Amino acid sequence: MQLAVLLAHDANGDACEAWLTEDYRFDLRVIRDRYREAYGRGPGEVVLLLDDAPSGRLVYAFE
């Protein structure tokens with residue numbers, strides 16, 4: 001399964017030109033839950049398509 005994703009940041013007027021030095025965590029349970037509604041319980045994998053990411057894709061795997 002593939003899912004186009006938009007990750008946005010509200011900069012509140014800041015130019016946001018600083019180099020990112022922090023790790024961020026995102027709760028992706030809603031994606032896992034929707035996957036399970038469509039395909040059933042158990043392990044799964046969703047490819048997140050990210051336009052500006054270095055590889056353009058991120059694999060979200062879950063048990």
Side-chain angles (χ1 to χ4, degrees):
M1 173 180 193
Q2 293 185 349
L3 178 64
V5 177
L6 172 66
L7 181 61
H9 168 67
D10 182 355
N12 296 317
D14 186 349
C16 292
E17 295 181 10
W19 185 260
L20 295 177
T21 57
E22 298 177 38
D23 291 330
Y24 294 91
R25 294 178 181 259
F26 300 93
D27 184 353
L28 301 178
R29 287 179 290 187
V30 67
I31 295 172
R32 180 201 62 201
D33 294 346
R34 295 297 184 269
Y35 178 95
R36 287 180 172 165
E37 286 174 11
Y39 298 104
R41 298 202 56 82
E45 185 174 283
V46 177
V47 177
L48 304 175
L49 305 175
L50 303 166
D51 285 339
D52 294 329
S55 70
R57 50 193 284 138
L58 173 72
V59 177
Y60 170 43
F62 48 88
E63 297 294 322

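The model shown is predicted, which means the values in this text are computed figures rather than measured ones. All values below were derived from every heavy atom in this structure, side-chain atoms included, with hydrogens, water molecules and symmetry-related copies excluded.
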Scan the side chains in residues 31-45 for donor-acceptor partners under 3.5 Å anywhere in the protein, sequence neighbours excluded, and list what turns up.
unit_1, atom_1, unit_2, atom_2, d
Arg36, NH2, Glu63, O, 2.3

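- Tracing side-chain contacts under 4.5 Å through hydrophobic residues (I, L, V, M, F, W, Y), one reaches Val5 starting from Phe26; they form part of the same cluster.
- Hydrophobic clustering of Ile, Leu, Val, Met, Phe, Trp and Tyr side chains at less than 4.5 Å, counting indirect connections, keeps Val30 apart from Val47.
- Atom OH of Tyr60 sits about 6.0 Å away from atom CZ of Phe62, to the nearest 0.5 Å.
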